[in-house]
Amino acid sequence: MTKITAAITAVGAYVPDYVLTNQILETMVDTNDEWITARTGIKERRILKDKDKGTSYMAIKAAEDLIKKRNIDPREIDMVIMATATPDMPVAATGVYVASQIGAVNAFSFDLVAACSSFLFGMSTAARYIESGKYKKVLLIGADKMSSIIDYEDRTTCIIFGDGAGAILFEPNLEGLGLIDEYLRSDGIGRNHLKIDAGGSLLPPSAETVANKQHYVFQDGKTVFKFAVSNLADVCAKVMERNNLSSEDVNWLVPHQANKRIIDAASNRMGLPDEKVMINIHKYGNTTSATLPLCLADYEDQLKKGDDLVFAAFGGGFTWGAVYLKWAYNSK
Ligand code: UT7
């Protein structure tokens, strides 16, 4: 029997209109465009300003974009995996609401939480369902309203993150295209270095936690950077080695957009020239679960059937990994 692989067959995206530039941030905290650009590669990010809209709003928009582009009936979707670190609410999975809103009435859904690796781990999860032969259309959405958990008085975090959403559709493939290999890792040592202290079962919300600003993201940037640089490059090299891929063979690196210097370290280790590395950190910053699909959306027109792509991410937890995937269609 021919092996079923899980191929990406469509991409959708959404970013809010409001642009938070480095220049605007200069008026909010003690920072400057030169520092932010040199240390991170970020020039601007998008922010969902509407107070009454959560992550689901952007997820729905990205999913609707995909559904329209691929011209499918949402009732054909079998499952919706919602990768996010900023669900609408702690209980009542955001993906379930999103699935209903987009008309995926025959799907089941759940949220997948692994900080900045949520989408990468979601790719692995989606692929297993497709490979089982039981599911034909799996929608994976990555969306985060990072502005809802960022302290805009903390210059070490507010310059980094942005809001956005992206979606991809996985379908069965019998030509050997789609997800080929993956190497996923996690290490609880990261828990102290990138976290939100309060609001969970360990430290429920109280007047004190709010006063202490414990509902915002805390990041020990230097430590996270150190782990990210070496581990991200390691998993990329591992996936290349395991699949006998040379730097010539790899057509694209699709890296999580956390810091341009982390991306450069990975691409250097892989021996890839800049032209083979998807970059949009300058315009969106770190959108957590949305970085990978937003890259695909930006570069979709340049992708060709059979292209070899390496996806890679590193995030809180720590969580990290790389996925090797063969692209399944020509967009143009
Ligand atoms: O996506 C999830 C995983 N997250 C990551 O991968 C992020 C990893 N970390 C990073 O990307 C970087 O560590 C940051 C961008 C967060 C920070 O860059 P850095 O080069 O590690 O800077 P640093 O924290 O070592 O700070 C260097 C200096 C410090 O001043 P002193 O102590 O040298 O006087 C900071 O106080 O830069 C100062 N600084 C700033 N200056 C201007 C920190 N933030 C800012 C700022 N503007 N926004």
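Just follow the structure's listing: the first ligand is 1, and inside any ligand the first atom is 1. Positions are given from 1, in the same order as the sequence printed here.
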Subject >> ligand 1 contact by I160, heavy-atom criterion under 4.0 angstrom >> reply: yes
Subject >> Nearest non-hydrogen protein atom, atom 2 (C) of ligand 1 >> reply: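 Checked against all protein heavy atoms, atom 2 (C) of ligand 1 sits closest to C116 SG, 3.2 Å.
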Subject >> Identity and distance of the protein heavy atom lying nearest atom 44 (N) of ligand 1 >> reply: W35 CH2, 3.4 Å
Are [X] and [Y] close enough that a side-chain donor and a side-chain acceptor fall under 3.5 Å?
{"X": "N212", "Y": "T209", "value": "no"}
{"X": "E171", "Y": "T9", "value": "yes"}
{"X": "Q219", "Y": "T157", "value": "no"}

Looking at [atom], would you say a protein heavy atom lies below 4.0 Å from it?
{"atom": "atom 33 (O) of ligand 1", "answer": "no"}
{"atom": "atom 40 (C) of ligand 1", "answer": "yes"}
{"atom": "atom 24 (O) of ligand 1", "answer": "no"}
{"atom": "atom 47 (N) of ligand 1", "answer": "yes"}
{"atom": "atom 30 (O) of ligand 1", "answer": "no"}

Below 3.5 angstrom, do we get any N/O pair linking [X] and ligand 1?
{"X": "G221", "value": "yes"}
{"X": "Q219", "value": "yes"}
{"X": "T31", "value": "yes"}
{"X": "T156", "value": "no"}

Only heavy atoms of [X], strictly under 4.0 Å: list the atoms of ligand 1 that pass.
{"X": "N259", "result": "10 (C), 11 (O), 12 (C), 15 (C)"}
{"X": "V224", "result": "3 (C), 4 (N), 5 (C), 6 (O), 8 (C)"}
{"X": "I262", "result": "6 (O)"}
{"X": "F314", "result": "1 (O), 2 (C), 3 (C)"}
{"X": "R261", "result": "18 (O), 19 (P), 20 (O)"}
{"X": "N286", "result": "1 (O), 2 (C)"}
{"X": "H256", "result": "1 (O)"}
{"X": "A258", "result": "1 (O), 5 (C), 6 (O)"}

Original post:
Taking atom 36 (O) of ligand 1 as the point of reference, which of M146, R39, R155 owns the nearest heavy atom?
Top reply: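 When every heavy atom of M146, R39, R155 is considered, R155 comes closest to atom 36 (O) of ligand 1.
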Subject >> Which segment of V29 sits under 4.0 Å of ligand 1 when only heavy atoms are counted >> reply: neither
Original post:
Given that the side chain starts at C-beta and the backbone is N, CA, C, O, which of these parts of F225 lies under 4.0 Å from ligand 1, counting heavy atoms, or is it both or neither?
Top reply: both
Original post:
salt bridge (Lys or Arg N to Asp or Glu O under 4.0 Å) between E64 and K69: does it pass, once the steps are laid out?
Top reply: CA-CA 9 Å; E64 286 174 347; K69 276 167 70 183; over 6 Å; no
Original post:
Given E76, which of K137, R70, K136 fulfils the salt bridge (charged side-chain N to carboxylate O under 4.0 Å, His left out) condition?
Top reply: K137
Original post:
So which of N286, T287, N280 actually passes side-chain contact (heavy atoms from CB on, under 4.5 Å) with Q257?
Top reply: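 That would be N280.
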Original post:
Nearest heavy-atom pair of D308 and N251: which atoms, and what distance?
Top reply: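 Looking at all heavy atoms of both residues, the closest pair is N-OD1, 2.7 Å.
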Original post:
Looking only at heavy atoms, which two atoms of K61 and Y14 are closest? And how far apart?
Top reply: CB-CG, 3.4 Å
Subject >> Contacts of type salt bridge (Lys or Arg N to Asp or Glu O under 4.0 Å), residue D181, not counting sequence neighbours >> reply: R242
Original post:
Are more than 12 heavy atoms from other residues, nucleotides or ligands located less than 6.0 Å from atom CD of E153?
Top reply: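 Count not over threshold, so no.
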Acceptor/donor pairs from residues 83-97 side chains to any protein atom, 3.5 angstrom cut, sequence neighbours excluded:
| unit_1 | atom_1 | unit_2 | atom_2 | d |
| --- | --- | --- | --- | --- |
| T84 | OG1 | T86 | N | 3.0 |
| T84 | OG1 | A143 | O | 2.7 |
| T84 | OG1 | D144 | OD1 | 3.0 |
| T86 | OG1 | T55 | OG1 | 3.0 |
| T86 | OG1 | D144 | OD1 | 2.5 |
| T86 | OG1 | K145 | N | 2.9 |
| D88 | OD1 | T55 | N | 3.1 |
| D88 | OD1 | S56 | N | 2.9 |
| D88 | OD2 | S56 | OG | 2.6 |
| T94 | OG1 | D88 | N | 2.8 |

Original post:
Is the cationic atom of K305 (NZ for Lys, CZ for Arg) positioned less than 6.0 Å from the six-membered ring centroid of Y329 and within 45 degrees of its normal?
Top reply: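 K305 over Y329 ring: no.
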Subject >> Working for salt bridge (Lys or Arg N to Asp or Glu O under 4.0 Å), residues D78 and K134 >> reply: CA-CA 9 Å; D78 300 305; K134 206 166 169 213; over 6 Å; no
Subject >> Atom pair CZ (R45) and CD1 (I159), whose distance is rounded to the nearest 0.5 Å >> reply: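 These two atoms lie 7.0 Å from each other.
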